[in-house]
Amino acid sequence: MSLSERAAELDALDPLAGKRAEFDLDPELSYLDGNSLGAPPRVVAERVADVVRRQWGGRLIRSWGEGWWEAPERIGDRIAPLVGAAPGQLVVGDSTSVNLFKVLAAAVRLRPGRDEILVDGNTFPTDGYVAEGVAGLTGHTVRRVPAGELAGAVTERTAVALVNHVDYVTGALHDLPSITAALHRSGALAVWDLCHSVGAVPSYLDEAGVDLAVGCTYKFLNGGPGSPAFVYVARKWQDDFAQPLPGWAGHREPFAMSADYTGGQGITKVRTGTPDILSMLALDAALDVWETGTLAEVRRKALALGDFFLSCLDELVPGVRVLTPRDHARGNQISVAWPDAERATAALIDRGVIGDFRPPNVMRFGLAAMYTRYSDVLRAAEGLRELTR
Ligand SMILES: Cc1ncc(COP(=O)(O)O)c(C=O)c1O
């Protein structure tokens with residue numbers, strides 16, 4: 001059977017084909033960048049129009065009392081099952097970078113007497129910058145260690161380690177339960193960045209005993225450009241979590257307008273300022289595509305898409321250097337090293353295959369399984385073959 005016959009057969013048998021129909025996507029495009037910006041579920045445009053016309057335009061300021069104010073916790077609870085968290089431990093708002101600052105600064109305060117922050121050596125840059133920023137304020141030092149070596153690198157000086165669940169360049173999946181357990185054995189806290197795993201790879205934060213986590217919602221959760229991020233604070237830390245950016249929205253009685261700050265109950269104290277309602281309610285609508293069992297189906301299909309893509313590459317572009325683990329210790333993306341990767345990415349985009357480029361020479365192909373077809377990954381491999389000619 002040829003690769004195109006195989007792709008057509010896999011697409012015809014795809015149990016998620018119905019989900020693709022819930023997205024606004026040009027059938028002529030092969031969109032392989034959902035790991036950077038997810039595609040819009042159809043329901044979003046109509047819901048945002050309702051928020052603008054009816055809730056904002058019609059109800060005006062009354063809408064704050066009709067669900068807007070509680071949206072950060074309510075939407076956090078909608079994301080919670082996707083990361084294996086019981087309700088009351090996630091809140092949505094701010095960017096991942098700002099939330100990283102909050103959780104790292106709070107984490108070091110939870111571990112007095114320890115003067116070091118470990119950071120995953122290949123981390124997305126913002127995590128490293130924020131860790132340095134926190135360290136500069138608190139007198140800690142930052143040590144960068146490859147994620148695979150963190151378990152052996154933690155010492156009694158380590159207050160906290162910040163680790164990416166999925167490496168944004170290579171797509172390697174790090175072992176969240178075992179790294180968390182190793183950190184805990186040495187008395188350090190575990191902060192996980194779930195940006196590249198939420199909505200792609202199940203994580204079981206409660207079961208693994210994770211302390212704190214952050215993640216963004218504009219990738220595999222399809223929340224829209226710049227949609228607000230989330231913070232997870234395990235229930236066990238919520239009383240002691242000292243909010244380093246206290247703001248009125250996280251106050252126990254925000255509308256009492258007190259001059260003194262008292263943090264809100266539970267996860268609420270992680271809030272800082274007025275929630276970004278338009279983005280937040282676009283995300284709320286985008287979450288409608290998730291039903292019980294969807295994440296397991298997405299993960300299963302993304303691994304199958306990746307396996308099929310690898311077999312297409314092996315046949316059509318033999319010798320290509322794949323940076324992503326070929327076994328299933330990977331997130332929902334495949335990355336390849338390519339000479340002049342930036343130009344090659346642009347050339348593929350011209351042919352209707354949208355992936356992205358990361359310096360110095362990496363082409364990334366995201367496998368957002370709700371809407372990515374087997375024929376899309378075949379087209380990407382065919383495009384790469386063209387470039388070698
Ligand atoms: C792993 C990771 N962490 C953090 C960020 C940055 O998030 P934000 O721009 O929302 O602060 C990104 C953005 O792509 C990311 O991939």
Side-chain angles (χ1 to χ4, degrees), residues 7 9-23 25 31-32 34-35 38-39 41-43 75-87 89-90 92 164-168 171-180 192-210 213 215-223 230 232 283-311 324-334 365-374 376-377:
E9 181 182 80
L10 289 166
D11 280 332
L13 295 173
D14 179 8
L16 285 173
K19 280 283 168 212
R20 183 179 160 92
E22 293 180 37
F23 285 80
L25 272 170
Y31 188 59
L32 299 170
N35 53 323
R42 284 184 198 284
V43 64
I75 301 170
D77 281 346
R78 294 192 73 191
I79 297 171
L82 300 175
V83 295
Q89 300 176 101
L90 269 81
V92 174
N164 289 262
H165 195 193
V166 172
D167 184 301
Y168 80 105
L173 174 67
H174 299 131
D175 187 341
L176 181 147
S178 81
I179 294 174
T180 302
W192 285 89
D193 180 333
L194 306 178
C195 281
H196 283 272
S197 68
V198 63
V201 182
S203 53
Y204 302 96
L205 300 184
D206 286 355
E207 197 180 310
V210 166
C216 61
T217 62
Y218 44 75
K219 301 179 190 287
F220 294 108
L221 293 184
N222 313 305
F230 65 86
Y232 163 87
L283 165 65
D284 192 23
L287 291 171
D288 285 3
V289 296
W290 295 93
E291 295 156 53
T292 310
T294 308
L295 181 59
E297 199 57 61
V298 158
R299 177 64 173 152
R300 192 202 57 72
K301 180 181 162 192
L303 290 172
L305 277 168
D307 291 343
F308 180 63
F309 189 29
L310 291 169
S311 60
T324 309
R326 282 180 175 262
D327 63 18
H328 287 178
R330 62 179 191 239
N332 291 0
Q333 83 183 52
I334 297 287
F365 299 95
L367 308 172
M370 269 202 230
Y371 50 77
T372 302
R373 299 164 295 195
Y374 291 88
D376 293 322
V377 299

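Every heavy atom of this structure was used, including side-chain atoms; hydrogens, water molecules and symmetry mates were not.
Atom NE2 of H196 is separated from atom CG of L173 by 13.0 Å, given to the nearest 0.5 angstrom. How far CZ of R326 is from OG of S311: 9.0 Å, rounded to the nearest 0.5 Å. Here L287 contributes atom CG and I75 contributes atom CD1; the two are 7.0 Å apart, rounded to the nearest 0.5 Å. The distance from the CD atom of Q89 to the CD1 atom of I79 is 13.5 Å, given to the nearest 0.5 Å. Distance check: L25 CG to R20 CZ gives 5.0 Å after rounding to the nearest 0.5 Å. Rounding to the nearest 0.5 angstrom, the gap separating the CG atom in D376 from the CG atom in L367 is 10.0 Å.
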Applying side-chain contact (heavy atoms from CB on, under 4.5 Å), run through L295 and W290 and close with a yes or a no.
CA-CA 7 Å; L295 181 59; W290 295 93; 4.0 Å; yes
Residue pair L221, L82: steps toward the side-chain contact (heavy atoms from CB on, under 4.5 Å) verdict
CA-CA 10 Å; L221 293 184; L82 300 175; 3.6 Å; yes
side-chain contact (heavy atoms from CB on, under 4.5 Å) evaluation trace for D167 with H174:
CA-CA 8 Å; D167 184 301; H174 299 131; 4.2 Å; yes
Worked verdict on W192 versus T180 for side-chain contact (heavy atoms from CB on, under 4.5 Å):
CA-CA 9 Å; W192 285 89; T180 302; 2.9 Å; yes
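When all heavy atoms are compared, the tightest approach of Q333 to Y168 is NE2-O, 3.3 Å. Across every non-hydrogen atom of S203 and H165, the tightest pair is CB-CE1, 3.7 Å. Contact between F220 and V198 at its shortest, heavy atoms only, is CB-O, 3.2 Å. Here the shortest heavy-atom pairing between A208 and L176 reads CB-CD2, 3.5 Å. When all heavy atoms of L90 and A85 are compared, the pair lying nearest together is CD1-CB, 3.7 Å. In terms of heavy atoms, A368 sits closest to G34 at CB-CA, 4.2 Å.
At least one donor-acceptor pair under 3.5 Å links the side chain of R42 to the backbone N or O of A21. D11 places a side-chain N or O within donor-acceptor distance of the main-chain N or O of Y374, the cut-off being under 3.5 Å. At distances below 3.5 Å, at least one donor-acceptor pair connects side-chain atoms of D206 with backbone N or O atoms of A86. Listed for the Y371 side chain is a donor-acceptor partner under 3.5 Å among the backbone atoms of A39.
M370 places a side-chain heavy atom less than 4.5 Å from the side chain of T294. Within the 4.5 Å cutoff, the side chain of V377 has no heavy atoms near those of the F365 side chain. L194 places a side-chain heavy atom less than 4.5 Å from the side chain of L205.
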Which donor-acceptor pairs under 3.5 Å do side chains of residues 296-309 form with protein atoms, sequence neighbours excluded?
unit_1 : atom_1 : unit_2 : atom_2 : d
E297   : OE2    : R300   : NE     : 3.0
E297   : OE2    : R300   : NH2    : 3.1
R299   : NH1    : R330   : O      : 3.0
R299   : NH1    : N332   : OD1    : 2.9
R299   : NH2    : H328   : O      : 3.3
R299   : NH2    : R330   : O      : 2.8
K301   : NZ     : D14    : OD2    : 2.6
K301   : NZ     : A369   : O      : 2.9
K301   : NZ     : T372   : O      : 2.6
D307   : OD1    : H328   : NE2    : 3.2
D307   : OD1    : R330   : NH2    : 2.9
D307   : OD2    : H328   : NE2    : 2.9

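Other residues, nucleotides and ligands contribute at most 12 non-hydrogen atoms within 6.0 Å of the CD atom of E207.
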